[in-house]
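Right, one structure below, let's go through it.
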Amino acid sequence: LVTKLPAPVPAANDNQFHINGIAVARDENRVRHRHNTPYLKINDTTLRIEEVPGSCPAIVVPSAGGPLALENVDIEFNNNDRAVILGRAPGANTNARIRQLRIQDLSIRGDGRVDSALVLNNADDSRISDSTVVMPDGGTDGITVENSGRITIEKTGIQVTDRAIAATST
């Protein structure tokens with residue numbers, strides 16, 4: 001699957017644009033998932049995000065819900081934004097489960113400028129393996145871990161201009 005976004009028609013205010021490559025739906029009250037088996041799996045997928053106005057992460061993942069797997073995903077990101085893959089914290093008034101992410105054979109590359117290529121927020125017990133992050137243009141962290149514990153990152157190459165891995169409030 002190769003996803004190309006249509007060229008947006010400029011609005012009066014650039015902040016009115018909000019386009020995502022893939023937005024994962026929130027799942028706060030679903031049936032329990034046996035053995036943390038991913039109920040959503042994105043694999044063998046190529047995403048390309050080119051210069052679009054406004055916020056446009058390639059993948060937006062709410063941190064509430066069941067496990068999510070990304071396998072053999074290639075992302076070319078040539079835009080400016082907060083993150084290429086953005087894991088958001090659940091809302092303040094929710095009893096949602098923390099979403100576990102299983103990431104294997106992920107490639108993030110491009111000329112875009114982002115705060116962090118991959119942000120994991122409230123993603124306890126997540127794992128990243130056999131992956132690469134190559135974003136050589138200024139001001140980019142590789143992987144940012146926020147409010148998460150027991151994160152495993154292995155066999156992953158990170159080439160960025162700032163911190164390879166940044167952790168806060170874990």
Side-chain angles (χ1 to χ4, degrees), residues 1 3 5 18-49 54-77 79 81-110 112 114-133 135 140-158 160 163-170:
L1 169 70
T3 302
L5 295 174
H18 186 83
I19 304 168
N20 298 322
I22 297 175
V24 177
R26 193 182 215 143
D27 175 22
E28 296 177 11
N29 300 306
R30 298 286 257 168
V31 178
R32 292 180 194 232
H33 305 280
R34 278 182 62 188
H35 310 294
N36 291 324
T37 303
Y39 80 98
L40 176 60
K41 184 177 190 179
I42 301 170
N43 71 350
D44 297 329
T45 301
T46 299
L47 297 171
R48 183 175 177 190
I49 305 294
S55 178
C56 184
I59 301 175
V60 177
V61 182
S63 294
L68 168 68
L70 300 175
E71 295 179 5
N72 194 27
V73 174
D74 181 38
I75 300 171
E76 182 180 347
F77 196 83
N79 198 38
D81 205 340
R82 177 174 175 216
V84 177
I85 298 178
L86 176 60
R88 293 185 171 173
N93 298 322
T94 182
N95 293 323
R97 295 177 309 281
I98 301 300
R99 184 184 300 274
Q100 293 177 345
L101 298 173
R102 299 285 185 250
I103 298 172
Q104 184 173 358
D105 293 322
L106 170 70
S107 171
I108 298 174
R109 61 186 163 66
V114 294
D115 296 337
S116 184
L118 172 59
V119 176
L120 300 178
N121 192 324
N122 286 17
D124 290 351
D125 298 311
S126 291
R127 176 187 282 311
I128 301 169
S129 64
D130 302 308
S131 297
T132 59
V133 175
M135 297 199 70
T140 299
D141 288 337
I143 299 171
T144 300
V145 178
E146 300 173 345
N147 305 309
S148 302
R150 300 172 306 279
I151 302 294
T152 302
I153 301 171
E154 60 188 6
K155 299 179 187 174
T156 295
I158 302 171
V160 293
R163 301 169 293 184
I165 299 172
T168 62
S169 302
T170 58

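As the structure is a prediction and not an experimental result, all values here were calculated from the model. When reading the values below, keep in mind they use all heavy atoms of this one structure, side chains included, and skip hydrogens, waters and symmetry mates.
In this structure, Gln100 CD and Asp125 CG are separated by 5.0 Å, a value rounded to the nearest 0.5 Å. One distance of note links CD1 of Ile103 with OG1 of Thr152; it measures 12.0 Å at 0.5 Å rounding. In this structure, Lys155 NZ and Asp130 CG are separated by 5.5 Å, a value rounded to the nearest 0.5 Å. One finds the CD1 atom of Ile165 at 5.5 Å from the CD1 atom of Ile143 (value rounded to the nearest 0.5 Å).
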Residues Leu120, Leu101; criterion side-chain contact (heavy atoms from CB on, under 4.5 Å); working and verdict: CA-CA 9 Å; Leu120 300 178; Leu101 298 173; 3.2 Å; yes
Intermediate values then yes/no, side-chain contact (heavy atoms from CB on, under 4.5 Å), Val160 and Val133: CA-CA 7 Å; Val160 293; Val133 175; 4.0 Å; yes
side-chain contact (heavy atoms from CB on, under 4.5 Å) between Leu68 and Arg102, intermediate numbers included: CA-CA 6 Å; Leu68 168 68; Arg102 299 285 185 250; over 6 Å; no
Verdict with reasoning, Leu118 to Ile128, per side-chain contact (heavy atoms from CB on, under 4.5 Å): CA-CA 11 Å; Leu118 172 59; Ile128 301 169; 3.5 Å; yes
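Among residues two or more places apart in sequence or in another chain, the salt bridge (charged side-chain N to carboxylate O under 4.0 Å, His left out) test is passed with Asp105 by none. Under the side-chain contact (heavy atoms from CB on, under 4.5 Å) criterion, Arg82 pairs with Leu86, Asp115, Val119, Glu146, sequence neighbours left out.
Between the side chain of Ser126 and the main chain of Ala123, a donor-acceptor pair closer than 3.5 Å is present. The closest donor-acceptor contact from the side chain of Ser116 to the backbone of Ala83 lies at 3.5 Å or more, if one exists at all. Side chain of Asp141 to main chain of Arg163: a donor-acceptor pair is present (N/O by atom type, distance under 3.5 Å, no hydrogens or angles). Distance alone, capped at 3.5 Å, is enough to place a donor-acceptor pair between the Ser148 side chain and the Asn122 backbone.
Side-chain contact check for Val61 versus Leu70: every heavy-atom pair is 4.5 Å or farther apart. Looking at Ile42 and Val73, their side chains come closer than 4.5 Å, going by heavy atoms from C-beta outward. Glu154 is listed as a side-chain neighbour of Arg127, based on a closest heavy-atom distance under 4.5 Å.
Considering Val84, Leu47, Ile158 in turn, Val84 is the only one that fulfils the side-chain contact (heavy atoms from CB on, under 4.5 Å) rule with Ile108.
Residue pairs meeting the salt bridge (charged side-chain N to carboxylate O under 4.0 Å, His left out) criterion with at least one partner in residues 59-74, sequence neighbours excluded, are Lys41-Glu71, Asp74-Arg109.
Shown here for Val145 and Ile151, the closest heavy-atom pair between the two residues is CG1-CG1, 3.8 Å.
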